[in-house]
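Per chain, numbering begins at 1; letters A, B, ... match sequence-line order.
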Amino acid sequence: MWPGTAFRILCPHRDWRKERMAGYNPSSIEKKWQRIWQENRIFSAEMQPAKPKYYVLDMFPYPSGEGLHVGHPEGYTATDIVTRYKRAAGFNVMHPMGWDAFGLPAEQYAIKTDTHPAVITRKNIERFRAQLQAIGFSYDWHREVNTTDPQYYRWTQWIFLQLYDTWYDPRQQKGRPIAQLAAEFATGRRALPPSAGNKSWSQLDAHQQRRVLEEYRLAYEIEAPVNWCQALGTVLANEEVIDGKSEVGGFPVERRPMRQWMLRITAYAQRLLDGLEALDWSESLKMMQRNWIGRSGGALVRFAIADSASEVTVFTTRPDTLFGASYLVLAPEHPLVDLNTEMNIISAAWPTEIPERWRSGAGSPREAAAAYQKNAASRSERQRQEDNTKTGTFTGAYAVNPVNNQRIPIFISDYVLMGYGTGAIMAVPAHDQRDFDFANAMELPIRRVVSAAADQADAGKLPLESPGFAVNSAQLDGLSTAEAKNRICEHLEQESLGTRQIHYKIRDWLFSRQRYWGEPFPLIHLQEGTTVPLAESELPLTLPEVKDFKPTGTMEPPLFKATAWHQVHVVLDGPPENLQARVVSAGTPGAVPARRELNTMPQWAGSCWYYLRYMDPANTRQFCDPEKEKYWMAGGVDLYVGGVEHAVLHLLYSRFWHKVLFDRGLVSSDEPFRKLVNQGLILGEAEYTVFALESGQRVSVTDIDPEFSTRVGENGKAEIISRHKSTGALAVGQACDPAMVEKRGDVFVLKADNNIQVDARSFKMSKSRGNVVNPDDVIAEYGADSLRLFEMFMGPLEQVKPWSTAGVEGVYRFLQRVWRNLLGGDDGVFRVVQPHGDGKWTCQGRELSAAEVEIALRDAAAILRPMHRLIRKVTADIERLAFNTAISAMMEFNNALAKLTFVPLDAALNLLRVLEPFAPHIADELYHELSGPDAAVSIALLPWPGFDESLCVDEELDIPVQINGKLAGRIRIAVTSDEQQVFNIALADPQVVNRLAQRAIKKKIYIKGRMINLVV
RNA sequence: GCCCGGGUGGCGGAAUGGCAGACGCUCAGGACUUAAAAUCCUGUGACCGUUUUCGGUCGUGCGGGUUCGACUCCCGCCCCGGGCACCA
């Protein structure tokens, strides 16, 4: 095929790459510098109150068994560049790293291989750390944290106890100690909840008081339907369930009731929403959080049930359409239609004169409801959502529309969800697509109450969901939607028929898991049925060393099997609202038997606060020294970089915890992460895929179904498969050599047959596709500096971009050229020269001849301005995280150096100085080669170079002259020229004169130093 | 359906109202070499004319607008990526 390939195969022992790179050999220098940095603690940062701080944070990884992939170093390199730059620029920079090591994958692997998850975790962490260190990141490893270390999770448990001890006061809009709530109840300043009956605080016994307080704690226990995953043997948070399947593993998930710990994140919904405003985050990320919190403004409206004492409350965002509400719909799980309770409203018999369709073929409403509910329960959430056709059944009952006293039928339908609002809606078919569809299916009347035009009663096609003007709505007629909403809400509130209501979509956070590998809850269950927190002195509550950590197969968590661990005796002390348990031996006076909580915390717990522990990782008395917190967290983390997959989970949870800690006076800032950037996904190398039928006949990609799937082919490699559009025949895609492909118009086709269009795209890296790039391999072949450089050179940090091995070669060649420019290449000619003030220049100690000095002076003058421009460009680009253009600038500068005969020492050192954050090993090596014995231990210790703005512009410049906006010529002007002089030069230019062709100039435009435009 | 982001050479990308395509890859030609690799130099958006110097036209998804001047700003549309989605 290619001669080179053949030759390489014939001579397997000759490493051509090593031979050709003569001087630059990354593998021989990178380990050395990593060791020197480490030994000299170049990158450790201690608090220095007088010095400005800068806190750079990476989302710490989950140390999986797979090791790093090239996606990890992308964000880490970006933060490392900022870290090294900011440190050089005079900031006290903290840049820590740690491990988010609890969680399902390690445990699943542990079960499969019968190895303890702690062993697996330790091994994975060792591997990850070694991989990260091989890339030369400037982490302060003395601050390393590990969420599975008892000395770490002791404080996770401690923070959980703070949440348990906190209630949210809506009046002050902040979290407060639970004792203050008890005090307010005791003094009567705050009314007791309905669950207290009509008793006063002092009339309740201690047990009852505790029950009341539990309704307010931010951590609470509840029997609730949860997402149970049989395959994983655990429940999952809503966020961990995607399309009815577990996010980890893709196993089916079903709803089951279970006793669970919850965190009351809903109390902070408004604070979490408002806090977004001031954050320097991307708009799309803020939007994702806003959507997740899902605030909507509307009203609760009460509908009386006809011929009954009951009523039903609905939530609506369109109270202005109340006159058009022609029926109500309840979710199948709504308590008012629960046939097992007395209070259900379903009639025993069908009313007369109802459409046949409403009966759904059943003998009675109860029969119909029972059948419908059974069917709804058997369908998964996913099935219910996929099927948009409207079904339902009539309850036989009627409600009364409070504004016009109209009797309206009440239906049950699964298009209303019990989990949102009140689980009941007023249906306005004229102005809601779903209600419209249902009304059509059930032959219900549709009454317009909004018109798109103020002067027309029936403008706009139904269903009209957009705002307009009220019609057929009595006193609201003519009002705009916004005004009508206000007016009707006033009316409802006056008449006690309803209230304005802000509703949030966000649910409370399901905080327990039935797994072994997580933080144990610091909680004790007493035999009488109440729960008591452990005293702080009992922490950390460590996981029992068990042999059998597998799921029990039932809904009991694995810790159930650690009998000796969970069967304990405790003594209690403290006031009722602050009762605490200490574990004692069975014979201790006052000891009562009790059981530990068997659930563990979810993986998100440890990552909710790790950024705080970094500031004081070894503190045994506090989760973090307040002085250190105040210093490092002033204004929040200065730069936080991580994947967008954490947009709503980790980032919302940790903001929530942070706000609670802030309310309790434990941290000084209200928001943890001031500036946040998501790095874009790195895809596999671009591929061309050509499809062929089983007969071998090639088919154009336009002729097959665009929904591809993959399978493992006979050769064990992943193949893309699809179906032929017209015949349905199997079409198999195979990678084809780029040389076989050419571009025709907007598409790629085979050179051999232009009728066959091929698929051109990059795929997400995956094992099955076999396109995963391992950073270790890249380092082995090109070195860590090239890996770092290419990760940044590919394109903007936040963008999705495909990997390219040829691109790595490109940056590798750049580093080789830098090496050769500064130390000489194959020719061995050393070109760096140094002036000595007395007109003498030396090159490696040798004094230059007069003729050479002349050349050196000319070279120094030629490179001076580009050097200042380089420093300015790299500085500005790092500040705006535009690393790809900073690297381009360095390449340009290096190309300019290559054209010189002699390289002035300061130009060389300044290049190395700005290169250091990007490619620190080669920078340090070359710096030491050029600097001699007086050199600093590391180039990283040198200050960031400054630049002179006046030396960033050339004395003369070429500017274009346009005529009517079209290029007509270019002229050379002095940078000092004024407008008149510039026009004189332009109008004297023969090319311009020629193009003007004696036309009269109507207008002359000069943009200083940029261009001229002559309008004729 | 709704909400964000994006669309520029063969490819990754640069330019945020002022010379479109910096820088890198790819490819082609040349130098060095017995030869190849590496390295260095030159060229590389499309089309047209001269076919050498050089000159011209078009060109940033499509259509319109604002402006002396638009990849950039405004209006409408198409396509791609991401998020949300029976959320009342």
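Taking the C1' atom of each, B/G17 and B/C68 are spaced 12 Å apart, rounded to whole Å. Across the P atoms, B/C4 and B/C77 are found 15 Å apart, a figure rounded to whole Å. Comparing the same atom, C1', in B/U42 and in B/C32 gives a spacing of 15 Å after rounding to whole Å. Nucleotides B/G83 and B/G63 are separated by 32 Å at their P atoms, to the nearest Å. Comparing the same atom, C1', in B/A28 and in B/U34 gives a spacing of 25 Å after rounding to whole Å. B/U39 sits 39 Å from B/U51 when the P atoms are compared, rounded to a whole Å. Nucleotides B/C2 and B/C74 place their C1' atoms 23 Å apart, quoted to the nearest Å. For the P atoms, the distance linking B/C3 with B/U67 amounts to 30 Å, nearest Å.
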Protein within reach of the bases, or only the backbone? For nucleotides 12-25 of chain B, mark each nucleotide 5' to 3' as B, S or -, using heavy atoms under 4.0 Å.
BSSS--BB--BBSS

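The environment of CZ in A/R1010 is sparse: at most 12 heavy-atom neighbours from other residues, nucleotides or ligands sit within 6.0 Å.
Position along RNA chain B of the nearest nucleotide to A/K390 versus A/A898 favours A/A898 as the more 5'-ward residue. Along RNA chain B, the nucleotide closest to A/M426 and the one closest to A/Q991 are compared, and the more 5′ of them pairs with A/Q991.
Between A/M288 atom CE and B/C4 atom P there is a gap of 12 Å when expressed in whole angstrom units. For the pair A/E687 CD and B/G10 P, the interatomic distance rounds to 21 Å; values are reported in whole Å. Put simply, OH on A/Y415 is 13 Å from P on B/A88, counting in whole angstrom units. B/C2 atom C1' lies 11 Å from atom NZ of A/K505, rounded to whole Å. Between the C1' atom of B/G69 and the NZ atom of A/K966 lies a distance of 12 Å, rounded to the nearest Å. If you take CD of A/E645 and P of B/G81, they are 19 Å apart, rounded to a whole angstrom. Whole-Å rounding puts the A/Q289 CD to B/C4 P distance at 17 Å. For the pair A/Y420 OH and B/C86 P, the computed distance is 12 Å after rounding to whole Å.
There is no side-chain donor-acceptor pair under 3.5 Å between A/T391 and A/Y415. For A/Y812 and A/D785, the side-chain atoms include no donor-acceptor pair closer than 3.5 Å. Side-chain contact annotation: A/S282 with A/E798, donor-acceptor N/O pair under 3.5 Å absent. Using modelled atom types, one finds no donor on one side chain facing an acceptor on the other under 3.5 Å when comparing A/S786 with A/Y24.
Contacts of A/K1002 with the nucleic acid, taken as non-hydrogen atoms under 4.0 Å apart, are absent.
Residues A/I887 and A/M792 are in side-chain contact: their nearest non-hydrogen atoms beyond the backbone lie under 4.5 Å apart.
Under 4.0 angstrom from either OP1 or OP2 of B/C40 there lies at least one side-chain N or O belonging to A/R820.
In this structure B/G6 sits in the anti conformation; its chi angle is more than 90° from 0.
With respect to A/R434 and A/E465, no salt bridge is recorded, no charged nitrogen being found less than 4.0 Å from a carboxylate O. Between A/K801 and A/E791, no side-chain nitrogen of the basic residue sits less than 4.0 Å from a carboxylate oxygen of the acidic one, so the salt-bridge criterion is not met.
No donor-acceptor pair under 3.5 Å is formed between the side chain of A/D877 and the backbone N or O of A/N884. Between the side chain of A/E685 and the main chain of A/T805, a donor-acceptor pair closer than 3.5 Å is present.
Ring geometry for A/F315 against A/H503 counts as tilted: the plane angle lies between 30° and 60°, on a 0 to 90° scale. Using cut-offs of 30° and 60° on the angle between ring planes, the pair A/F411 and A/F438 is perpendicular.
Listed in residue order, the members of residues 279-287 of chain A having a heavy atom less than 4.0 Å from RNA chain B are A/S284, A/M287.
Where pairing requires Watson-Crick or G-U contacts shorter than 3.5 Å, the helical stems of RNA chain B with at least three consecutive pairs are B:1-7 with B:78-84, B:10-12 with B:23-25, B:27-31 with B:39-43, B:45-49 with B:54-58, B:61-65 with B:73-77.
Checking each of A/I410, A/V416, A/T422, A/V314 against A/L330 for a side-chain contact (heavy atoms from CB on, under 4.5 Å) leaves exactly one that passes, namely A/I410.
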